[in-house]
Amino acid sequence: MYDQNHLASRLARHAQLTPERVFARRAGRPDTTYGEMFAGAERIAARLIAAGVGPGDRVAVQVEKSLEAVQLYLAAVMAGGVFLPLNTAYTVAELDYFLGDATPAVVVCDPARRAAVEPLARGATVFDLGADGSGTLTAELADAEGFEAVARGAEDLAAILYTSGTTGRSKGAMLRHENLLSNAEVLRDYWRFTDRDVLIHALPIFHSHGLFVATNTSLLAGATLIFMPGFDVEAILQAIPEATAMMGVPTFYTRLLKDSRLTPELCAGMRLFVSGSAPLLAETHRQWEAATGHRILERYGMTETNMNTSNPYDGDRRAGTVGFPLPGIEVRVMLDGAEVPEGGIGVLEVRGPNVFKGYWQMPEKTAEELQADGWFITGDLGMIDAEGYVTIVGRAKDLVISGGYNVYPKEVEEAIDDMPGVVESAVIGVPHPDFGEGVVAVVVADGSVTEDGIAGALKDQLAKFKQPKRIFIVPELPRNTMGKVQKKALRDEYAGLFAGA
Ligand code: MLC
Ligand code: AMP
């Protein structure tokens, strides 16, 4: 009943073969089997189809993390639709842009937001779904006995994930069925995931890391998730003795390291800790090994490409590097149109079955970053050493990564520059002990606005994680002889701002 759907047919394999296998464990709730997961997903898929979702239609979703939200993802794919998850932190103003750009057939939102979302839905059917799995999406679902997944091929879209752009406008990365499937298969094999694995799942499910890397890989392996609503040190320390693996952003690791209960004994049953989405400090890698006896496996990916490189499972997991290109994926280092010789620094480019189709309705942006021969320009600066290890040394793009979330300075600067009394602004990322980088705004104003006034005005406009942790009003911004704002000088000036924060 899934055969015609490229991705769903593979994700559903364990549900069909061993439906009684446990897919998810949750605190204080009964376990959920693979069979129950997919039976629920089928019922939701039938509801989406009845609401008018046809092949290629977008299903936009901004809901709290729940197993029903995971079912909704599977359901959108099974219904032939395109799953479009949105960060729960996005404000109504941000949501308006995404819904206007993506023109979904169905919007699913939190019940508390329904009144605010309905006017933005532009004719789409609106359902709601709460953190406890209840809402109009799941109320009185009819049995979907005999459900047939809608036919979709390798090249059809399975998801669109928005990622901010250097121009300030977010771009929808179009991901095909095969992009997601090929990457999850590679990761399952490279990281040796099997049906004996129990993965701690504490990441959000609206980004590649929690949705595709953690969930698809586990589904393909028949593994069990310890499914948590979010990151919580206490809950993770309790789960570790029951688990075999964890995936997280560096902030997970730095926060856990502060707890003296993290010991080799506690982690004796674990086989794998994976880190990604932001640079892991070599120091954190070493501290983790000292505290637990495990070497974190760091990998490197992007919304547009899923995962590109990974440290080896058996070989040397080298601190400060992101390992080797994954099987079937090519990585090269480019400078001024030519490949840089071994050990040289340049912009990383990636090619393979993981690379996305392009940006939704942005052919020019797509052409700028995705070249005709399939090489995608990542905007990350890196090098490849003689042994083949890839190291990321910086970014050619103006981007801040805070706790694993991307913040494009341009978007924040535009919001600040629009305020009366502001002359200009520069938004930078500076080292932050908890989030890796903290967002800081340096603003030139005419005397009629204050730091608090700017912070207050940003509250309804930008998601909390994009809002500057600190704002400074200064007489002028440093410029080079060409008149360009020198962000490096600003980053140096404010480098110690969060030390000890
Ligand atoms: C929360 N806050 C953040 C923040 N997360 N601020 C900046 N950056 C962040 N990442 C805000 C909160 O709103 C709160 O504001 C204050 O900071 C303190 O919050 P907290 O309670 O300490 O945060 P918490 O809820 O614990 O969340 C931190 C976190 C979370 C690290 C657990 O941000 C997280 O889950 N990050 C993972 C992101 C992720 O999945 N990235 C993958 C992208 S995919 P206040 O003032 O209201 O208290 C990708 C591709 C790839 O990049 O390679 O994987
Ligand atoms: P996103 O657009 O949210 O998918 O973020 C992708 C970006 O995250 C990449 O372009 C990198 O800059 C960064 N990134 C992901 N993994 C790593 C890593 N292990 N080390 C350094 N940067 C990373």
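Scope of the values below: all heavy atoms of this structure, side chains included, with no hydrogens, waters or symmetry mates. Each ligand, and each atom within it, is numbered from 1 in the order the structure gives. On a predicted model such as this, the values are computed, not experimentally measured, just so you know.
For atom 5 (N) of ligand 1, the nearest non-hydrogen atom of the protein is Phe435 CE2, 3.9 Å. With respect to atom 19 (N) of ligand 2, the closest heavy atom belonging to the protein is Arg299 O, 2.7 Å. With respect to atom 41 (N) of ligand 1, the closest heavy atom belonging to the protein is Gly404 O, 2.9 Å. What sits closest to atom 53 (O) of ligand 1 on the protein, heavy atoms only, is Arg299 NH1, 2.9 Å. Nearest protein neighbour of atom 45 (P) of ligand 1, counting heavy atoms only, is Lys464 CE, 3.6 Å. Of all protein heavy atoms, the one lying nearest to atom 35 (O) of ligand 1 is Pro204 CD, 3.6 Å. Among protein heavy atoms, the minimum distance from atom 17 (C) of ligand 2 is reached at Ala278 N, 3.7 Å. Of the protein's non-hydrogen atoms, the one nearest atom 51 (C) of ligand 1 is Ser277 OG, 3.3 Å. From the protein, the heavy atom lying nearest to atom 30 (C) of ligand 1 is Tyr405 CE1, 4.3 Å.
For ligand 1 and Gly301, the ligand atoms under 4.0 Å from any heavy atom of the residue are 53 (O). Numbered from 1 in the order shown, with element, the atoms of ligand 1 that lie under 4.0 Å from a heavy atom of His209 read 42 (C), 44 (S), 54 (O). Close approach of ligand 2 to Thr303 is summarised as follows: ligand atoms under 4.0 Å from at least one heavy atom of the residue are 1 (P), 2 (O), 3 (O), 4 (O). Close approach of ligand 2 to Ile401 is summarised as follows: ligand atoms under 4.0 Å from at least one heavy atom of the residue are 8 (O), 12 (O), 13 (C). In the vicinity of Thr163, heavy-atom distances shorter than 4.0 Å reach the ligand 2 atoms 2 (O). Within the listing of ligand 1, atoms 20 (P), 22 (O), 23 (O), 24 (P), 26 (O), 28 (C) sit less than 4.0 angstrom from a heavy atom of Arg255. For ligand 1, the atoms lying closer than 4.0 Å to a non-hydrogen atom of Leu203 are 40 (O). Against a heavy-atom cut-off of under 4.0 Å, Lys469 is close to the following atoms of ligand 1: 3 (C), 6 (N), 7 (C), 11 (C), 17 (O). The ligand atoms of ligand 1 that sit less than 4.0 angstrom from a heavy atom of Phe231 are 32 (C). Ligand-side atoms of ligand 1 in range of Ser402: 7 (C), 8 (N), 9 (C), 10 (N), range being under 4.0 angstrom from any heavy atom. The contact set between ligand 2 and Met302, taken as ligand atoms under 4.0 Å from a residue heavy atom, comprises 4 (O), 6 (C), 9 (C), 10 (O). Every atom of ligand 1 is numbered from 1 in the order shown, and the set under 4.0 Å from a heavy atom of Gly403 is 10 (N), 31 (C), 33 (O), 36 (N), 37 (C), 38 (C).
Using a non-hydrogen distance threshold of 4.0 Å, His207 does not register as a contact of ligand 2. Within the 4.0 Å heavy-atom cutoff, Ser277 counts among the residues contacting ligand 2.
Under the 4.0 angstrom criterion, atom 47 (O) of ligand 1 counts as having a protein heavy-atom contact. For atom 21 (O) of ligand 1, the nearest protein heavy atom lies 4.0 Å or farther away. There is a protein heavy atom less than 4.0 angstrom from atom 9 (C) of ligand 1.
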**Request:** Start with the C-alpha gap between Glu178 and Lys357, add the side-chain angles, then the distance that decides, and say whether salt bridge (Lys or Arg N to Asp or Glu O under 4.0 Å) holds.
**Result:** CA-CA 11 Å; Glu178 180 61 8; Lys357 186 174 180 177; over 6 Å; no
**Request:** Assess whether salt bridge (Lys or Arg N to Asp or Glu O under 4.0 Å) is satisfied between Lys365 and Glu368, documenting all intermediate values.
**Result:** CA-CA 5 Å; Lys365 276 267 153 253; Glu368 274 171 32; 3.1 Å; yes
**Request:** Kindly determine whether Arg192 and Asp197 satisfy salt bridge (Lys or Arg N to Asp or Glu O under 4.0 Å), including the steps that lead there.
**Result:** CA-CA 9 Å; Arg192 316 263 173 94; Asp197 273 306; over 6 Å; no
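Under 3.5 Å, the side chains of Thr215 and His201 contain a donor-acceptor pair of N or O atoms. A donor-acceptor contact closer than 3.5 angstrom links the side chains of Ser425 and Asp417. A side-chain donor from one of Glu94 and Thr91 sits under 3.5 Å from a side-chain acceptor of the other. For the residue pair Trp191 / Ser310, a side-chain donor-acceptor distance below 3.5 Å is found, with atom types taken as modelled.
Atom CG of Leu348 is separated from atom OG1 of Thr309 by 8.5 Å, given to the nearest 0.5 angstrom. Between atom CZ of residue Arg295 and atom CZ of residue Arg318 there is a gap of 9.0 Å, rounded to the nearest 0.5 Å. Atoms CG and CZ, from Leu157 and Arg176 in turn, are 8.0 Å apart once rounded to the nearest 0.5 Å. Separating the CD1 atom in Ile200 from the CZ atom in Arg25 is a distance of 10.5 Å, to the nearest 0.5 Å.
Inter-residue side-chain proximity for Tyr300 and Asp380 is flagged as met; some heavy-atom pair is nearer than 4.5 Å.
Any N or O atom pair closer than 3.5 Å counts here, and Thr251 shares no such pair with ligand 1. Taking only nitrogen or oxygen atoms, main chain and side chain alike, Glu298 reaches within less than 3.5 Å of ligand 2. Any N or O atom pair closer than 3.5 Å counts here, and Asn406 shares at least one such pair with ligand 2. For ligand 2, the polar-atom distance check finds no N/O of Ser275 at less than 3.5 Å from any of the ligand's N/O atoms. Checked against a 3.5 angstrom limit, the closest N/O atoms of Asp380 and ligand 2 fall inside it.
The side-chain tip of Arg317 points at the ring of Tyr313 from less than 6.0 angstrom away and within 45° of straight on. At least one test fails for Arg169 against the ring of Tyr408: distance under 6.0 Å to the centre or angle within 45° of the axis.
The aromatic rings of Phe273 and His294 sit perpendicular, their planes meeting at an angle over 60°, well past the 30° parallel limit. The aromatic rings of Tyr90 and Phe465 sit tilted relative to each other, their planes meeting at an angle between 30° and 60°. Between Phe356 and Phe376, the angle of the ring planes goes over 60°, which puts this pair in the perpendicular group of the 30/60° scheme.
The nearest non-hydrogen atom to atom 44 (S) of ligand 1, considering only Gln467, His207, Lys65, Met247, comes from His207.
Residue contacts with ligand 2 for Pro279 involve both N, CA, C or O and side-chain atoms from C-beta outward (heavy atoms, distance under 4.0 Å). With a 4.0 Å cut-off on non-hydrogen atoms, Lys397 touches ligand 2 through its side chain and not its backbone.
Taking 4.0 Å as the cut-off between side-chain N and carboxylate O, Lys397 and Glu369 do not count as a salt-bridged pair.
Not less than 6.0 angstrom separates the ring centroid of Phe435 from the ring centroid of Phe498.
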